[in-house]
Student: 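My questions will all concern the structure given below.
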Amino acid sequence: MRNIDHFIAGLPFASGERQGDVFNPSEGAVQAQVRFGSAADLEKAVAAAREAFPGWAATNPQRRARVMFNFKALVEANIDDLALLLASEHGKVVADAKGDVQRGLEVIEYACGIPHALKGEYTIGAGPGIDVYSMRQPLGVVAGITPFNFPAMIPMWMFGVAIACGNTFILKPSERDPSVPVRLAELMKEAGLPDGVLNVVHGDKEMVDAILDHDDIRAISFVGSSDIAQYIYSRGTANNKRVQAFGGAKNHGIVMPDADLDQVVNDLAGAAFGSAGERCMALPVVVPVGDKTANALRAKLIPAIEGLRVGVSTDPDAHYGPVVNAAHKAKIESYIQMCADEGGELVIDGRGFSLQGHEEGFFIGPTFFDHVKPTFRSYREEIFGPVLQMVRAPDFESALKLPSEHDYGNGVAIFTRNGHAAREFAARVNVGMVGINVPIPVPVAYHTFGGWKRSGFGDIDQHGPEGVRFWTKNKKITQRWPDGSATGENAFVIPTMG
Ligand code: NAD
């Protein structure tokens, strides 16, 4: 059986008494074992990162950017293999796995422009002979802890910007699909990154706690479920670290009576069921405004959902593949039962789906509920599976209230041809990322990404300019070069520029 090792100081590092199973979700079989590291293993990674830091921080930004350019070219040259490896551990279909890699690469492209992003501000003549300027400096050794659902994109969101800014990095990827993150670290080395600048450690809570408590780790970026995100934020900040922690989601798609329903059905099918619903920006709740819209949408949705093809991740015709493991499959199925018990109308039931020749795979057919109520627990909580819940709203104001009052606030979309309604909605909805006729409004890499409420703990978003802010500290310099002519200044009064 293949073992997945840590990657420390540019080399594989085999340590860890405990191991975790890595499945091939399409077959339901264990395909590899990942080592679960301890605090001692983390110490080795931190030591490597600490040692690499002064040299890397002193490397000029253009040279750091060159490594990013090389890495981008290497990832592009290896994208087919990376996508296959990713799909084999995650279960998403290969085309979607390529998208996972590609979205991460877009952040690397942003990081290629780091010399520009790191330029500070300068005011000449802020006072007599006085200039004020600022410089962004790296924090030191920093860490990222990532979820299973984007094993390429989310690590690249984090280490791309952090490393370009001059930090050295420790990545703790999800133990469910850890191979691609290691492969990315190997490609960074091949791209010219000095050993120790990017290290990968594997493990579960024990390793995460060691990261949270390590005195030499200055900042932590986390993406995962909300309870863990809150825990990471509280414990990390209590230990004086800068922390951003992004959590779960329950994104709504509001469908106005004037929306193009064929377009909505097409968008919803992809956004609700793509990647088996295992996306934090999936659209698992649809809110048609008015019963007429709801009935018309339902009539079009049913055949579209029934026509979805579920298959193994290498099936080029499959719309989506299996979910990540048996425990997650059981959890999703228990939510389907819960929603039915709560009084939702189970229009299409995806439980019991079996794929011929792959009967052990973790598959769930597409599931659709109508007449779901905002009081249902199955509506209030994240299901993270191929399950679409329809909540009917009588009017625009009630539709606006649903995502605004939901505990999660990651993404939301409105489908309409009415510019005024869209504008009102975007301005008033209490959610971090809004799509207008865009079902999955993940902002591009040079903007920033981040949800609100229980979807995001901390104040600074991921990637783009906010990423640069998160991974650097801002130094402010006030300088005076006196010409010797000034006399009689009262040094005991606070200086002003007046
Ligand atoms: P998860 O919270 O189970 O795991 C995330 C990371 O935390 C992993 O590295 C894991 O090893 C670690 N972890 C798990 N349990 C822990 C514990 N008790 N103590 C400390 N660390 C622990 O999340 P997941 O199932 O891998 O990913 C899916 C979740 O991530 C969903 O809730 C999804 O919405 C969310 N997500 C959010 C975003 C976003 O940007 N908001 C993006 C992607 C995924």
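Both backbone and side-chain heavy atoms feed into the values below; hydrogens, waters and symmetry mates do not. Counting starts at 1 for both ligands and their atoms, in listed order.
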Student: Using 30° and 60° as the class limits, which term best fits the ring planes of Phe449 and Phe246: parallel, tilted or perpendicular?
Tutor: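 Rings of Phe449 and Phe246: perpendicular, over 60°.
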Student: Has ligand 1 got any nitrogen or oxygen that is less than 3.5 angstrom from a nitrogen or oxygen of Ser225?
Tutor: yes
Student: Using a 4.0 Å cut-off to any heavy atom of Ile154, which atoms of ligand 1 qualify?
Tutor: 42 (C), 43 (C)
Student: Is Ser226 close to ligand 1, meaning an N/O of one under 3.5 Å from an N/O of the other?
Tutor: no
Student: Report yes or no: does a heavy atom of Val324 sit under 4.0 Å from some atom of ligand 1?
Tutor: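 Outside the 4.0 Å threshold, so no.
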Student: Quick one: does any side-chain atom of Asn199 pair with a main-chain N or O of Leu171 as donor and acceptor, under 3.5 Å?
Tutor: no
Student: Under the criterion side chain to side chain donor-acceptor pair (under 3.5 Å), which of Gln33, Arg176, Gln31 is the partner of Asp21?
Tutor: Gln33
Student: Counting heavy atoms only, which part of Ile232 comes closer than 4.0 Å to ligand 1: side chain, backbone, both or neither?
Tutor: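 For Ile232, no heavy atom sits under 4.0 Å from ligand 1.
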Student: Would Glu382 count as a polar contact of ligand 1, with the cut-off being nitrogen or oxygen pairs under 3.5 Å?
Tutor: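 Yes, since at least one N or O of Glu382 sits under 3.5 Å from an N or O of ligand 1.
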Student: Please check whether Phe246 reaches ligand 1 - meaning an N/O of the residue sits under 3.5 Å from an N/O of the ligand, judged on distance alone.
Tutor: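 N/O-N/O distance under 3.5 Å: no.
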Student: Are any of the side-chain nitrogens in Glu106 or Arg103 under 4.0 Å away from the carboxylate oxygens of its partner?
Tutor: yes
Student: CZ of Arg469: more than 12 outside heavy atoms within 6.0 angstrom?
Tutor: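 Result for CZ/Arg469: open.
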Student: Please find out if less than 6.0 Å separates the ring center of Phe7 from that of His202.
Tutor: no
Student: Looking only at heavy atoms, is any part of Thr146 under 4.0 Å from ligand 1, and if so is it the side chain, the backbone, or both, or is it neither?
Tutor: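 The part of Thr146 near ligand 1 is the backbone, not the side chain.
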Student: Before signing off on this row, confirm whether Lys172 and ligand 1 have an N or O atom pair separated by under 3.5 Å.
Tutor: yes
Student: Apply side chain to side chain contact (heavy atoms under 4.5 Å, CB included) to residues Phe71 and Leu184 and explain how you reach the verdict.
Tutor: CA-CA 9 Å; Phe71 176 65; Leu184 294 174; 4.0 Å; yes
Student: Counting only nitrogen or oxygen atoms and a 3.5 angstrom limit, does Phe148 reach ligand 1?
Tutor: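 There is such a contact, yes.
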Student: Taking 4.0 angstrom as the limit, do Lys92 and Asp100 come out as a salt bridge?
Tutor: yes
Student: Can the ring centroids of His90 and Phe148 be said to lie less than 6.0 angstrom from one another?
Tutor: yes
Student: Under 4.0 Å from any heavy atom of Ile228, which atoms of ligand 1 are there?
Tutor: 2 (O), 15 (N), 16 (C), 17 (C), 18 (N), 20 (C), 21 (N), 22 (C)
Student: Run the side chain to side chain contact (heavy atoms under 4.5 Å, CB included) test on His371 and Arg392 for me, step by step, so that the C-alpha distance in whole Å, both residues' side-chain angles and the decisive distance to 0.1 Å come before the verdict.
Tutor: CA-CA 7 Å; His371 299 289; Arg392 294 171 177 235; 3.3 Å; yes
Student: Please work out whether any backbone atom (N, CA, C, O) or any side-chain heavy atom from C-beta onward of Gln462 is under 4.0 Å from ligand 1, and answer side chain, backbone, both or neither.
Tutor: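 Under 4.0 Å from ligand 1, Gln462 contributes no heavy atoms.
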Student: Quick one: does ligand 1 sit under 4.0 Å from the side chain of Glu278, the backbone, both or neither, non-hydrogen atoms only?
Tutor: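 Under 4.0 Å from ligand 1, Glu278 contributes no heavy atoms.
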Student: Aromatic rings Phe13 and His6: how do their planes relate, parallel, tilted or perpendicular, breaks at 30° and 60°?
Tutor: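 Aromatic pair Phe13/His6 classed tilted.
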Student: Do any nitrogen or oxygen atoms of Glu175 lie less than 3.5 angstrom from nitrogen or oxygen atoms of ligand 1?
Tutor: yes
Student: Nearest to atom 43 (C) of ligand 1, what protein heavy atom do you find, and at what distance?
Tutor: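 Of every protein heavy atom, Asn149 OD1, 3.3 Å lies nearest to atom 43 (C) of ligand 1.
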Student: Report the C-alpha separation of His214 and Ile217 in whole Å, then their side-chain angles, then the decisive distance to 0.1 Å, and conclude whether the side chain to side chain contact (heavy atoms under 4.5 Å, CB included) test is met.
Tutor: CA-CA 6 Å; His214 201 295; Ile217 295 177; 3.9 Å; yes
Student: For ligand 1, note which part of Met281 has a heavy atom under 4.0 Å away: side chain, backbone, both or neither.
Tutor: neither
Student: Please report which non-hydrogen protein atom sits nearest to atom 28 (C) of ligand 1, along with the residue it belongs to and the distance in Å to one decimal place.
Tutor: Phe384 CE2, 3.6 Å
Student: Nearest to atom 40 (O) of ligand 1, what protein heavy atom do you find, and at what distance?
Tutor: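 In this structure, atom 40 (O) of ligand 1 has Phe449 CE2, 3.0 Å as its nearest protein heavy atom.
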Student: Can you check which of Pro147, Gly247, Gly248 brings a heavy atom nearest to atom 37 (C) of ligand 1?
Tutor: Gly247
Student: Can you confirm whether some protein heavy atom lies under 4.0 Å from atom 4 (O) of ligand 1, or whether none does?
Tutor: no
Student: Less than 3.5 Å between some nitrogen or oxygen of Arg176 and one of ligand 1, yes or no?
Tutor: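 Yes, since at least one N or O of Arg176 sits under 3.5 Å from an N or O of ligand 1.
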